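The block underneath contains the structure these notes are about, expressed in structure tokens.
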Protein chains: 2
Amino acid sequence: MDTATAPTAVSTSVPFPVWASLLGQPAVSGDELLALQRLASTRRLAAGATAFVRGQVALNLVAVVSGVVGLGTRGDDQLFHLERAVHGPQWLDISSAWICGGYAQQAQALSAAVLLELPVAGVRQMVKQHPLLADRLLQALAQTVQNLTGATHDLMSKDAQKRLATWLLQRSTDVGLDVALKERKRELAAQLAITPETLSRLLRQLMSAGLIEVRGYSIKLLNLAALQNLAHG
Amino acid sequence: MDTATAPTAVSTSVPFPVWASLLGQPAVSGDELLALQRLASTRRLAAGATAFVRGQVALNLVAVVSGVVGLGTRGDDQLFHLERAVHGPQWLDISSAWICGGYAQQAQALSAAVLLELPVAGVRQMVKQHPLLADRLLQALAQTVQNLTGATHDLMSKDAQKRLATWLLQRSTDVGLDVALKERKRELAAQLAITPETLSRLLRQLMSAGLIEVRGYSIKLLNLAALQNLAHG
DNA sequence: CGAACCCTTGATACGCTTCAACAAGAGTGG
DNA sequence: CCACTCTTGTTGAAGCGTATCAAGGGTTCG
């Protein structure tokens with residue numbers, strides 16, 4: 001257990017790059033940033049701790065500053081069924097708070113993590129005087145919509161192999177031809193909406209076909225063209 | 001063919017209830033509405049006409065005023081694969097335009113339809129002077145995110161029967177215990193991400209179990225409790 | 001050392017798709 | 001009017017894709 005077993009709400013300063021990552025380019029002015037800083041509060045979560053549950057009244061825009069937080073639903077038997085993993089710094093939920101109603105999902109820290117919480121009431125006030133902030137928030141929400149649209153599309157019209165190929169290619173553009181898994185394979189499987197067993201079989205299958213090379217948590221892409229063909233064909 | 005074979009861009013006035021439906025409550029002021037009216041342009045689409053295609057640069061927020069427009073992707077062979085049907089008055093795409101990049105999906109009129117287009121550049125200007133509009137847009141986007149989150153969740157953790165039960169119950173709350181299909185069954189199937197054949201079998205199955213009664217395009221729910229049990233269990 | 005994970009592998013089962021055939025309207029033209 | 005075709009929904013048989021269950025190997029850690 002960490003020293004921070006009880007989630008504490010402290011007004012710690014959040015580093016600038018975090019804001020840049022959340023609000024995108026062009027950067028908001030230092031003026032607005034200061035106001036945001038005053039509004040924001042941070043919360044430390046121990047691994048396994050719950051950030052919020054489905055249905056809980058959403059008063060804050062929530063972001064992950066550092067660490068990994070999983071989004072999903074609690075199963076019937078208290079068990080947590082992971083659907084998506086969010087690595088900081090990134091928004092965790094910018095949609096629920098704008099609407100009267102609760103969070104749509106449950107969030108649970110997969111590692112020790114630091115959360116950033118922005119009371120939506122305060123943000124509403126700020127938006128009135130800082131149009132640029134409104135623009136950044138609209139863009140962030142729009143990006144979320146695009147991502148989710150892509151995810152739904154993939155789920156509806158691609159099989160597991162195609163989804164895996166798509167995921168590998170997306171990761172490769174960030175890093176290079178070597179994809180180093182930052183997550184457990186079971187978390188990757190959850191993101192792809194398949195079981196760990198199926199993921200294992202698919203990786204073996206792609207390896208046998210000579211498209212990739214798997215060594216533990218490091219995957220080397222050997223045949224980009226074939227992978228792209230798989231992903232989009 | 002209709003009289004409007006060529007999509008025409010005319011600055012027709014859009015009725016008030018449409019704006020109310022798009023922007024939600026509390027209503028924006030008449031002042032802002034007038035400015036929006038000046039900004040907006042409408043486009044008539046014949047059945048089958050294409051509103052926009054995937055990748056096309058998105059300059060407008062797009063809404064359906066009346067009629068039905070399908071969102072999906074063009075298959076390999078020019079064929080259109082339907083993923084979601086949008087009935088007017090409702091937003092068709094409020095996310096793509098905010099981001100540098102194109103539309104995420106293709107949109108095609110399923111019936112004769114009227115589109116409303118708002119140039120995002122103009123909306124950006126308006127947002128600076130009308131904070132209430134910004135708030136309404138944020139809410140609309142947030143609602144879209146919630147809907148998509150729900151959709152992805154359903155796809156990942158519910159089988160076809162559960163999704164159908166969920167859909168029936170959702171429709172029933174709007175209308176009553178009789179659900180009258182406004183769409184072809186194949187469109188419903190597409191929304192549920194199943195084939196028409198499977199939908200037919202599922203309906204028969206639920207009918208045999210005495211949970212519903214199907215007569216053509218009208219479905220009567222006979223056992224709400226059992227359906228809810230199916231949907232959420 | 002055993003315990004607790006994580007990943008793998010195999011056998012089997014189930015859900016859904018695909019393909020093919022067919023019935024029931026709706027529109028069309030002889 | 002009938003024959004024709006087009007569309008929509010239904011039904012059946014077969015097959016693919018993925019989940020589930022069970023077992024075993026590799027680590028890490030107490």
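Since the model is a prediction, treat every value here as computed from it, not as a measurement. Within every chain, numbering begins at 1; the chains are lettered A, B, ... in the order of the sequence lines, protein sequences first and strands thereafter.
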**Asked** Quick one: bend of the helix from C/dC7-D/dG24 to C/dA26-D/dT5 from 5 pairs per end, to 10°?
**Response** 30°
Using the test side chain to side chain contact (heavy atoms under 4.5 Å, CB included), find all partners of [X] that sit at least two apart in sequence or belong to another chain.
| X | value |
| --- | --- |
| B/Q191 | B/A85, B/W167, B/E183 |
| B/R186 | B/R184, B/P196 |
| B/A190 | B/L82 |
| B/V53 | B/T50, B/Q56, B/Q106 |

Could you tell me how far apart [X] ([atom1]) and [N] ([atom2]) are, to the nearest whole angstrom?
| X | N | atom1 | atom2 | value |
| --- | --- | --- | --- | --- |
| B/Q205 | C/dG15 | CD | C1' | 10 Å |
| B/L202 | D/dG9 | CG | P | 15 Å |
| B/L203 | D/dG9 | CG | P | 11 Å |
| B/I219 | D/dG9 | CD1 | P | 11 Å |
| B/K158 | C/dG15 | NZ | P | 17 Å |
| A/L155 | D/dG17 | CG | C1' | 15 Å |
| B/R163 | C/dG15 | CZ | P | 13 Å |
| A/D159 | C/dC16 | CG | P | 16 Å |

**Message:** Taking side-chain hydrogen bond (donor to acceptor under 3.5 Å, both in side chains) as the definition, give me every residue that meets it alongside B/R163, ordered by chain and number, with sequence neighbours left out.
**Reply:** none
**Prompt:** With sequence neighbours left out, what residues match B/T195 under side-chain hydrogen bond (donor to acceptor under 3.5 Å, both in side chains)?
**Reply:** B/T198
**Request:** List in numerical order all residues of residues 179-187 of chain A for which some heavy atom is under 4.0 Å away from an atom belonging to DNA chain C.
**Result:** A/R184, A/K185, A/R186
**Item:** Residues within residues 192-200 of chain B bordering DNA chain C, heavy-atom distance below 4.0 Å
**Value:** B/A193, B/I194, B/T195, B/E197, B/T198
**Complete:** side chain to side chain contact (heavy atoms under 4.5 Å, CB included) with B/I212: of B/N223, B/L168, B/L222, only one passes, and it is B/L168
Using modelled atom types only, decide if a donor and an acceptor are shared between the side chain of [X] and the backbone of [Y] within a distance under 3.5 Å.
| X | Y | value |
| --- | --- | --- |
| A/K158 | A/H232 | no |
| A/S111 | A/V68 | yes |
| B/R44 | B/V114 | no |

If you restrict it to nitrogen or oxygen atoms, what contacts under 3.5 Å exist between nucleotides 23-30 of chain D and the protein, and what is each distance?
none

**Request:** Would you please name every residue forming a salt bridge (Lys or Arg N to Asp or Glu O under 4.0 Å) with B/E213, sequence neighbours left out?
**Result:** B/R215
**Item:** Pair A/S21, A/Q90: side-chain N/O donor-acceptor within cut-off below 3.5 Å
**Value:** no
**Prompt:** Distance check: side-chain N/O of A/R204 vs OP1/OP2 of C/dT8, anything under 4.0 Å?
**Reply:** no
**Complete:** Contacts satisfying ring pair (Phe, Tyr, Trp, His ring centres under 6.0 Å) that involve residues 172-224 of chain B (not counting sequence neighbours) are none
**Message:** Are more than 12 heavy atoms, taken from residues, nucleotides or ligands other than B/R171, located less than 6.0 Å from that residue's CZ atom?
**Reply:** yes
**Prompt:** Can a donor-acceptor pair under 3.5 Å be found between the side-chain atoms of B/R201 and the base atoms of D/dG9?
**Reply:** no
**Listed nucleotide nearest any side-chain atom of B/Y217, set D/dG17, D/dG9, C/dC16** = D/dG9
